[in-house]
Amino acid sequence: MRMYEIIEKKRDKYELSKEEIEFFVNGYSKGEIPDYQMSALLMAIYLNGMSDEELKNLTFAMANSAKTLDLSSIKVPGKYIVDKHSTGGVGDKITLIVLPIIAALGVGVCKMSGRGLGFTGGTADKLESIVGYNVNIPINDAIRQVQDIGVCLISQSPEIAVADKKIYALRDTTATVESIDLIASSIMSKKLASGVDKILLDVTVGSGAFMKTLEDARKLSKTMVKIGKLAGVETKAIVTSMSEPLGRNVGNALEIKEVISFLLSDETTLQSEEIRDLKEIVYEIAAQMIKMSGICDDMEKNRKDITKAIVSRAAYDKFIELVKAQGGHIYNVYMDWIGLNLDMPVLDDKVKYLKEIHAQSDGYVVSIDSKKIGEALVALGGGRNRKEDRIDYSVGFEFSKKVGDRVNEGDTILTVLYNDKEKFESAFEYIENAIYIDNIEEEVAKTLKSKPHILDIIDENSL
Ligand code: URA
């Protein structure tokens with residue numbers, strides 16, 4: 001078999017066989033196929049797409065290119081181990097809230113999370129803003145931890161889906177990342193190699209997401225659900241809005257604080273407008289994962305149980321148990337608003353400067369461009385341009401206003417937390433262009449404010 005012929009075949013829109021796909025995946029992983037040939041093939045795939053059979057074979061070849069995990073020894077109340085994956089966004093702290101909630105309700109989760117690159121943040125980086133938290137524990141220890149406390153949250157293991165890692169790095173430099181077929185097989189190869197029984201995908205859409213349109217997000221969702229079906233692993237995709245940053249905080253330590261405050265909500269704060277977007281997505285994803293785990297099919301009951309897990313503080317205690325299990329430092333503090341002592345993670349959150357950004361005119365907040373806010377965070381040092389970049393965990397943004405909110409000239413829209421004045425200047429250029437205030441009708445503002453965040457749910461029945 002020759003790589004030249006495989007490239008030629010794909011260029012001319014013929015279907016590649018299983019053997020040909022395994023040949024280039026394994027050959028490239030072992031360094032036997034040069035970058036220039038792999039790049040040409042990736043561009044041919046980008047331009048001509050893949051059939052269902054090719055997609056399945058590519059996903060399996062990448063999943064089997066290294067170690068695959070066996071989670072069958074884990075015994076938890078949930079019959080099935082369910083994984084969650086988000087296609088990424090700005091202010092996306094859903095995993096950090098959902099996992100302790102569902103683990104407190106008996107769903108076993110062994111989750112590998114990515115690091116941030118470019119304008120999207122990564123859950124592994126957010127966790128590292130907790131002093132001492134180790135995202136790199138050996139996989140066997142992680143599995144043992146799921147058995148002991150029901151949950152682990154580690155970074156993507158370098159031993160899993162090695163071919164995807166290499167191919168992704170090449171796609172990143174050859175303008176072939178934005179192919180729905182390549183994205184779908186890349187994500188699903190890692191999920192299948194991680195040995196889970198079921199997969200819940202959060203497919204984000206909007207300026208701060210990979211998928212810019214609802215149509216593309218649906219296409220990506222259907223492609224991944226189809227791959228899951230072909231692999232015999234039930235997969236469901238929830239399409240969620242990422243047009244403005246999620247929640248009120250963007251930045252690593254700040255987002256952990258927002259997670260803590262969500263998990264410490266009582267019945268009243270759970271109803272507040274402040275957390276409406278987060279709550280809508282957290283409840284849908286958590287309820288679906290509880291259902292997929294085999295614990296309970298009744299979504300309404302699952303929602304009630306989620307509230308109970310939060311209000312009783314079982315979810316928060318699970319979060320602290322997770323942080324402690326992975327080496328995170330904890331201090332004990334008297335919380336006068338709850339009237340008791342609580343364990344709290346120690347955060348790398350000391351900043352030198354705070355700067356409030358004010359509205360320049362009266363009106364309503366019409367849009368907050370999440371991509372620009374993500375870029376502003378990178379400019380402040382809170383994200384990476386290159387894989388090697390070090391992150392400043394303490395910097396970020398706290399939003400006082402969200403889309404649809406009324407503002408008067410001079411009102412604070414957001415507060416910037418930063419350590420370096422020059423970096424603030426570069427971040428400010430993005431922030432200035434990210435927020436659009438206009439004098440729209442009150443009714444229009446209300447519609448903007450009440451826009452749903454769950455845009456679609458795609459499962460095998462939607463194919
Ligand atoms: N995330 C992945 O894991 N792979 C892609 O191709 C894109 C996003």
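Being a predicted model, the structure only gives us computed values, none of them experimental. Note that ligands are numbered from 1 as they come in the structure, with each ligand's atoms numbered from 1 the same way. Excluded from the calculations below are hydrogen atoms, water molecules and symmetry mates; all remaining heavy atoms, backbone and side chain alike, are included.
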Could an N or O of ligand 1 be found under 3.5 Å from any N or O of K190, whether backbone or side chain?
yes

Starting from atom 1 (N) of ligand 1, what is the nearest protein heavy atom, named by residue and atom, and what distance separates them?
I187 CG1, 3.8 Å

Should Y168 be counted as touching ligand 1, given the test is an N or O pair under 3.5 Å?
no

Between N433 (side chain only) and E429 (backbone N and O only), is there a donor and an acceptor less than 3.5 Å apart?
yes

Residue pairs passing the salt bridge (Lys or Arg N to Asp or Glu O under 4.0 Å) test where at least one lies in residues 88-106, sequence neighbours excluded
K93-E258

Does any N/O atom on S186 come nearer than 3.5 Å to any N/O atom on ligand 1?
yes

Could you list the donor-acceptor pairs under 3.5 angstrom formed between side-chain atoms of residues 39-48 and any protein atom two or more places apart in sequence or on another chain?
unit_1	atom_1	unit_2	atom_2	d
S39	OG	D35	O	2.6
N48	ND2	K10	O	2.9
N48	ND2	R11	O	3.2

With atoms numbered from 1 as shown, which atoms in ligand 1 lie under 4.0 angstrom from a non-hydrogen atom of F210?
7 (C), 8 (C)

Report yes or no: is the cationic atom of K279 (NZ for Lys, CZ for Arg) under 6.0 Å from the centre of the six-membered ring of F262, at an angle within 45° of the ring normal?
no

Quick check with a 6.0 Å cut-off and a 45 degree axis cone: is K198 positioned over the face of Y80's six-membered ring?
yes

